[in-house]
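Excluded from the calculations below are hydrogen atoms, water molecules and symmetry mates; all remaining heavy atoms, backbone and side chain alike, are included. Every chain is numbered from 1, with letters handed out A, B, ... down the list of sequences.
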Amino acid sequence: MFVNATGQTLKTAIAYLLLTVVLGGCSMPKPWVKPYERNNLADPIMSFDRDGVEGSYMHHVHQAREGARGAEGGSGGGCGCN
Amino acid sequence: MTLRNQSKGLHTLLLPLFISLFVSTSSIAAVLPEDRADVMYHSYDGGGITVDGPSVLVRKGFADTVSVSANYYVDTISSASIDVVSTASAYTEERTEVSAGIDYLHEKTLMSFGYGESEENDYSASSLRFSISQDFFGDLTNLSIGYAQGSDVVGKTGDPDFEEDVTSRNYQFNLSQILTKNWIVNVTLETITNQGFLNNPYRTVRYLDSTVPVGYSYEPERYPETRTSDAVAIRSMYYLPYRASIMFEYRYFEDTWNIKADNITLRYTHTVGDHWILEANVRFYSQEGADFYSDLYPYADSQKFLARDKELSTFTSQRIGFGVSYIYPLKSTYLEKLSVNLKVDHLMFEYDDFRDVTADGAPGDEPLYSLTADVVRFYFSIWY
């Protein structure tokens with residue numbers, strides 16, 4: 001009885017899950033951060049490398065002293081709102 | 001005889017420098033970079049080496065679709081490093097690098113092209129690069145891919161017949177994602193391949209030699225002629241409840257020489273009023289050395305590949321740095337704002353398998369080498 005009930009519950013849950021996937025999977029989630037909400041991201045202090053000339057130089061220093069290279073990250077940044 | 005080992009490290013890495021300076025300018029969003037000019041004095045001082053000089057970067061956009069840039073960079077090198085003082089004599093030299101780039105924006109796609117050259121008396125390098133960047137998903141996601149190719153010519157002072165080539169190829173993939181209105185993350189993958197003369201024509205390795213009083217002798221280093229490396233990095237930047245940000249980075253690296261390395265970086269950026277930006281950062285780096293590296297080989301020509309470049313050895317390093325920027329808005333039709341910036345970092349290196357041969361000790365029992373260095377950047381930036 002218990003097994004049966006659990007089986008039914010499982011079937012129902014899977015049916016709901018499939019329904020959700022089928023209905024929801026047809027459309028991408030909508031962008032959840034609107035353009036007018038990106039003030040903080042556009043602040044220069046949110047750049048990974050705020051000043052390209054300086055950031056590149058520091059990458060250069062590390063590259064010359066270390067065996068590792070690549071994927072240092074770049075300049076630019078913010079949210080591209082400018 | 002001179003030993004230009006340190007500067008070679010700078011040269012052979014010219015290609016990644018171009019990549020970091022130009023290709024990744026679009027790593028967060030497909031927009032044209034800002035119109036600005038930067039004039040910087042840079043200085044590195046540590047381990048018996050001083051490297052300083054200017055760097056000037058100018059960028060200007062046209063018609064909201066095209067942006068061009070040019071960079072002029074000079075390293076003036078004065079070296080009496082541990083390698084130099086142990087096997088050769090101190091030297092000074094200069095390296096000049098020029099590069100130019102153009103970015104073209106079409107709707108949400110940014111295409112970037114660039115070319116650069118570096119010249120020195122015994123080494124020249126040139127590089128071409130291309131990247132394309134695209135915004136998706138309401139501009140929350142940015143994807144960029146880049147390719148660069150470099151050609152270097154290695155010479156040797158005092159040997160006009162010596163000329164060897166190095167070819168480099170560089171593949172970069174970059175994904176940035178805005179997660180919340182205060183949080184952005186970035187993932188970068190990069191593969192670099194080199195082919196050709198990858199060691200230094202001046203540098204030597206040492207091996208045990210009972211026929212000489214000091215107990216060891218030197219022979220030229222010998223590297224494989226190919227090297228391929230992969231690096232992956234994840235970065236996170238978060239805007240705090242007040243006007244400040246915190247950045248975290250983790251990067252992992254490995255290559256076909258069996259070098260493995262990773263680093264963690266933390267940076268805190270704080271503002272004071274509208275004009276001041278203060279920065280503090282720490283970075284921890286750890287590396288396992290190349291499998292053919294040795295501080296002291298058992299005898300001459302003991303294996304196929306030989307290296308005693310401490311940059312290929314097992315070591316750890318730490319960095320602590322501070323920066324201050326003053327930003328001044330300009331009430332001019334042509335000029336937007338000006339900034340004056342000073343950044344100072346202190347580096348500490350501790351080598352686990354590189355011994356100080358200038359100190360006392362039996363071969364292989366000398367104290368392990370360590371060094372500290374100070375790196376200064378002082379620059380003006382102007383936006384127009």
At a heavy-atom separation under 4.5 Å, does [X] approach chain A through its side chain, its backbone, both, or neither?
{"X": "K260(B)", "result": "neither"}
{"X": "V232(B)", "result": "backbone"}
{"X": "A261(B)", "result": "side chain"}
{"X": "T271(B)", "result": "side chain"}
{"X": "M237(B)", "result": "both"}
{"X": "T191(B)", "result": "neither"}
{"X": "Y252(B)", "result": "neither"}

Please round to the nearest 0.5 Å and tell me the distance separating atom [atom1] of [X] and atom [atom2] of [Y].
{"X": "L179(B)", "Y": "W32(A)", "atom1": "CG", "atom2": "CH2", "result": "6.5 Å"}
{"X": "F137(B)", "Y": "K30(A)", "atom1": "CZ", "atom2": "NZ", "result": "11.0 Å"}
{"X": "Q172(B)", "Y": "E72(A)", "atom1": "CD", "atom2": "CD", "result": "8.5 Å"}
{"X": "K181(B)", "Y": "R38(A)", "atom1": "NZ", "atom2": "CZ", "result": "12.5 Å"}
{"X": "N182(B)", "Y": "M46(A)", "atom1": "CG", "atom2": "CE", "result": "7.0 Å"}
{"X": "L240(B)", "Y": "N40(A)", "atom1": "CG", "atom2": "CG", "result": "10.0 Å"}

Partner chain A: residue of [options] with the largest heavy-atom pair count (under 4.5 Å):
{"options": "W257(B), Y379(B), Y238(B)", "answer": "Y379(B)"}
{"options": "I327(B), T180(B), L189(B), V187(B)", "answer": "T180(B)"}
{"options": "E249(B), R267(B), H270(B), E254(B)", "answer": "R267(B)"}
{"options": "S325(B), S339(B), G138(B)", "answer": "G138(B)"}

Testing the basics here: between [X] and [Y], what is the closest heavy-atom pair and its distance to 0.1 Å?
{"X": "G70(A)", "Y": "A231(B)", "result": "O-CB, 3.6 Å"}
{"X": "A64(A)", "Y": "E311(B)", "result": "O-CG, 3.5 Å"}
{"X": "R243(B)", "Y": "P44(A)", "result": "NH2-CD, 4.5 Å"}

Side chain to side chain, V61(A) and L347(B), heavy atoms closer than 4.5 Å
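Yes - at least one pair of side-chain heavy atoms lies under 4.5 Å apart.
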Could you please spell out the steps behind the ring-ring contact (aromatic ring centres under 6.0 Å, His included) verdict for H60(A) and Y73(B)?
CA-CA 12 Å; H60(A) 186 43; Y73(B) 178 95; 5.7 Å; yes
Strictly distance-based, threshold 3.5 Å: is any side-chain N or O of Q287(B) a donor or acceptor partner for the main-chain N or O of G67(A)?
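Flag set: sc Q287(B) to bb G67(A) pair under 3.5 Å.
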S245(B) side chain to I45(A) main-chain N or O, any donor-acceptor pair under 3.5 Å?
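Here the side-chain-to-backbone pair exists.
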Side chain to side chain contact (heavy atoms under 4.5 Å, CB included) partner of M58(A), the single match among R283(B), R319(B), H42(B):
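Option passing the side chain to side chain contact (heavy atoms under 4.5 Å, CB included) with M58(A): R319(B).
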Say whether N341(B) and R50(A), considering side chains only, have a donor N or O and an acceptor N or O under 3.5 Å apart.
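No - no donor-acceptor pair under 3.5 Å links their side chains.
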I want to check a possible cation-pi pair here: R65(A) against Y285(B), using under 6.0 Å from ring centre and within 45° of the ring axis as the test.
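No, cation not above the ring by the 6.0 Å, 45° rule.
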Does the distance from a Lys or Arg side-chain N to an Asp or Glu carboxylate O, for R69(A) and E190(B), drop under 4.0 Å?
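Salt bridge: no.
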Can you sort out the partners of R36(B) under salt bridge (charged side-chain N to carboxylate O under 4.0 Å, His left out), two or more places apart, ordered by chain and number?
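In terms of salt bridge (charged side-chain N to carboxylate O under 4.0 Å, His left out), with neighbours along the sequence ignored, R36(B) is linked to D51(A), D38(B).
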